[in-house]
Visitor: 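So that we are looking at the same thing, I have put the structure below in structure tokens.
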Amino acid sequence: NAGVTQTPKFQVLKTGQSMTLQCAQDMNHEYMSWYRQDPGMGLRLIHYSVGAGITDQGEVPNGYNVSRSTTEDFPLRLLSAAPSQTSVYFCASCDTGDTEAFFGQGTRLTVV
Amino acid sequence: GEDVEQSLFLSVREGDSSVINCTYTDSSSTYLYWYKQEPGAGLQLLTYIFSNMDMKQDQRLTVLLNKKDKHLSLRIADTQTGDSAIYFCALSGGYNKLIFGAGTRLAVHP
């Protein structure tokens with residue numbers, strides 16, 4: 001049982017480049033979300049989804065897009081990377097009912 | 001919006017108890033969580049407490065919830081070097097939307 005899988009684990013981008021962070025879960029969870037973790041700030045919610053075809057913004061959505069075409073996948077797109085997006089990104093999934101959220105291992109992104 | 005506060009650092013001697021504290025502003029969360037993050041790793045759920053409970057014990061872990069003061073604490077008994085990590089308090093905002101504190105870095109020394 002793989003749980004929540006994020007790829008890549010590490011990425012370096014130049015300012016202005018675009019990329020997609022992948023997240024996949026094999027637990028048939030309806031809820032999925034993306035967080036970014038910055039030093040001294042904990043994790044902040046970027047976007048979340050309550051099911052295929054349904055997404056909404058979190059606390060810090062600017063500069064990021066998401067889509068949810070299947071239950072399993074929830075990719076996060078950076079359209080034009082900026083140094084302020086240097087962070088560690090975590091994807092999480094959760095069954096309905098507000099129980100345990102399962103986190104991926106994270107993607108460490110550096111924008112130079 | 002919701003604000004979750006934690007002290008940033010805690011240092012304890014091996015074998016002693018550790019108490020990590022968390023205060024929050026919004027009391028509407030159904031669940032309150034403690035997550036552990038080891039270096040270079042994702043977040044691992046340690047324990048959680050339902051909002052209508054005052055205390056929950058799980059082996060070496062004791063969670064206390066004071067709803068009146070909006071205060072949550074995690075006590076780790078007999079702290080070991082393997083407990084060294086960052087501990088996050090988090091509240092549920094519904095739909096897998098978690099609101100995290102900044103994390104408390106626990107250092108365990110001999």
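First the proteins, then the strands, lettered A, B, ... as listed; each starts at 1.
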Visitor: If you define the side chain from C-beta out and look only at heavy atoms, does anything of A/Ser93 sit under 4.5 Å from A/Tyr31?
Guide: no
Visitor: How long is the span from the OG1 atom in A/Thr7 to the CG atom in A/Leu21, to the nearest 0.5 Å?
Guide: 8.0 Å
Visitor: Check the pair A/Gln22 / A/Thr5 against side-chain contact (heavy atoms from CB on, under 4.5 Å), numbers first and verdict last.
Guide: CA-CA 8 Å; A/Gln22 302 291 344; A/Thr5 303; over 6 Å; no
Visitor: Name the option with the most non-hydrogen atom pairs under 4.5 Å to chain B; the candidates are A/Leu43, A/Val88, A/Asp56, A/Leu45.
Guide: A/Leu43
Visitor: Counting only N and O atoms by type, is there a donor-acceptor contact under 3.5 Å from the side chain of A/Gln6 to the main-chain atoms of A/Tyr89?
Guide: yes
Visitor: Looking only at heavy atoms, which of residues 102-112 of chain A get nearer than 4.5 Å to chain B?
Guide: A/Phe103, A/Gly104, A/Gln105
Visitor: Please check if the side chain of B/Tyr24 supplies one atom and the backbone of B/Cys89 the other of a donor-acceptor pair under 3.5 Å.
Guide: no
Visitor: Checking an interface table here. Which of residues 102-110 of chain B come within a heavy-atom distance under 4.5 Å of chain A?
Guide: B/Ala102
Visitor: Do side-chain atoms of A/Asp95 reach the backbone of A/His29 as a donor and acceptor pair under 3.5 angstrom?
Guide: no
Visitor: Which atom pair, heavy atoms only, marks the closest approach of B/Ala85 to B/Glu38?
Guide: CB-CG, 4.2 Å
Visitor: For residues 43-82 of chain B, give me every residue with a non-hydrogen atom less than 4.5 Å from any non-hydrogen atom of chain A.
Guide: B/Leu43, B/Leu45
Visitor: State, yes or no, whether a side-chain contact exists between B/Lys97 and A/Ser33 at a heavy-atom distance under 4.5 Å.
Guide: no
Visitor: Any residues in residues 6-16 of chain B near chain A, with a heavy-atom distance under 4.5 Å, and which are they?
Guide: none
Visitor: Taking the side chain as every heavy atom from C-beta outward, state whether A/Thr55 and A/Ser67 have any pair of such atoms under 4.5 Å apart.
Guide: no
Visitor: Does A/Ser49 reach the main-chain N or O of A/Ile54 with its side chain, forming a donor-acceptor pair under 3.5 Å?
Guide: yes
Visitor: Is any side-chain heavy atom of A/Thr71 less than 4.5 Å from a side-chain heavy atom of A/Gln25?
Guide: yes
Visitor: What part of A/Gln37 gets closer than 4.5 Å to chain B, counting heavy atoms only: side chain, backbone, both or neither?
Guide: side chain
Visitor: Would you say A/Leu78 and A/Val60 are hydrophobically clustered, going by side-chain heavy atoms of ILVMFWY under 4.5 Å?
Guide: yes
Visitor: Does any part of the side chain of B/Tyr35, heavy atoms only, come nearer than 4.5 Å to the side chain of B/Leu98, both counted from C-beta?
Guide: yes
Visitor: Checking the side chain of A/Trp34 only, and the main-chain atoms of A/Phe74 only, is there a donor and an acceptor separated by less than 3.5 Å?
Guide: yes
Visitor: Has A/Arg44 got a side-chain atom pairing as donor or acceptor with A/Ile46's backbone, closer than 3.5 angstrom?
Guide: no
Visitor: Less than 4.5 Å apart, any side-chain heavy atom of A/Met19 and any of A/Pro8?
Guide: yes
Visitor: Between B/Ser29 (side chain only) and B/Ser92 (backbone N and O only), is there a donor and an acceptor less than 3.5 Å apart?
Guide: yes
